[in-house]
Amino acid sequence: SAVISQKPSRDICQRGTSLTIQCQVDSQVTMMFWYRQQPGQSLTLIATANQGSEATYESGFVIDKFPISRPNLTFSTLTVSNMSPEDSSIYLCRGMGVGNEQFFGPGTRLTVL
Amino acid sequence: AQSVTQPDIHITVSEGASLELRCNYSYGATPYLFWYVQSPGQGLQLLLKYFSGDTLVQGIKGFEAEFKRSQSSFNLRKPSVHWSDAAEYFCAVGAQNTDKLIFGTGTRLQVFP
């Protein structure tokens, strides 16, 4: 099974700034996704990270706010732009491998002051 | 509409007692079902999954789940709970040929000694 790492594991940021979260998989996965888990809530899919092309965003999420890159099959980044306290969440990367295997990263805990 | 319902927000059991966490889903296609566990400060770990075949699925850490199509349920069970099982449990549903997982709101399990 694949192992997914995320950087940073946590951060505290000021309002109006941006943070880029990295997701690294130790083997190739067919698909990569980004989720948000707001305090006390379940996971909500932000977007599908597409290799070499623009990400596919879910309703309520836009590229200007959450730009995503996926330059190759094992790496993706999510940027949370112009942050506000409402962006305080855990952001999780997920990979899907052969046979619909699902792997989650440990998450990035973001606090916006 | 596609959805996952976990009716119990919070469950408390004594160590050694049996456990059942409920999950009901609404899904238009043949569902692929998952149970994940999230320990405090950790990412999501897959406990078990159901794709097809035997409707009673065995997972890690002594957990099992039973798929009941007639009841649109996929309840998670464990015959004897350990203190280390205290965590948040998420049920999720997806389809064979899609990448998106829909998560329930989670059930927080507390275990008393």
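Residue numbers begin at 1 in each chain, while the letters A, B, ... track the order of the sequences.
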### Query
Would you say A:Tyr35 and B:Leu101 make side-chain contact, with heavy atoms under 4.5 Å?
yes

Verify the neighbour count for atom [atom1] of [X]: are there more than 12 heavy atoms of other residues, nucleotides or ligands below 6.0 Å?
X: B:Ile9; atom1: CD1; value: no
X: A:Arg10; atom1: CZ; value: no
X: A:Gln28; atom1: CD; value: no

### Inter-chain contacts: residues 104-113 of chain B against chain A, heavy atoms under 4.5 Å
B:Gly104, B:Thr105

Is there a path of hydrophobic side-chain contacts, each under 4.5 Å between heavy atoms of I, L, V, M, F, W or Y residues, that connects [X] with [Y]?
X: A:Phe66; Y: A:Met31; result: no
X: B:Tyr25; Y: B:Leu21; result: yes
X: B:Val37; Y: B:Ile102; result: yes
X: A:Leu73; Y: A:Leu78; result: no
X: A:Leu113; Y: A:Leu19; result: no

#### Entry: Residue list, ring-ring contact (aromatic ring centres under 6.0 Å, His included) with B:Tyr50, at least two apart or on another chain
B:Phe67

### Most contacts with chain A, counted as non-hydrogen pairs under 4.5 angstrom, among B:Gln38, B:Glu88, B:Gln45, B:Gln6
B:Gln38

### Query
With a 4.5 angstrom heavy-atom cut-off, which part of A:Gln37 approaches chain B: side chain, backbone, both or neither?
side chain

### Query
Measuring heavy-atom distances to chain B, does A:Leu92 have an atom under 4.5 Å in its side chain, in its backbone, in both, or in neither?
side chain

### Message
If we define contacts as heavy-atom pairs under 4.5 Å, which of A:Arg109, A:Gln41, A:Glu58, A:Gln6 has the most with chain B?
### Response
A:Glu58

### Query
Please walk me through it: do A:Arg94 and B:Leu44 pass side-chain contact (heavy atoms from CB on, under 4.5 Å)?
CA-CA 10 Å; A:Arg94 172 181 148 237; B:Leu44 274 74; over 6 Å; no

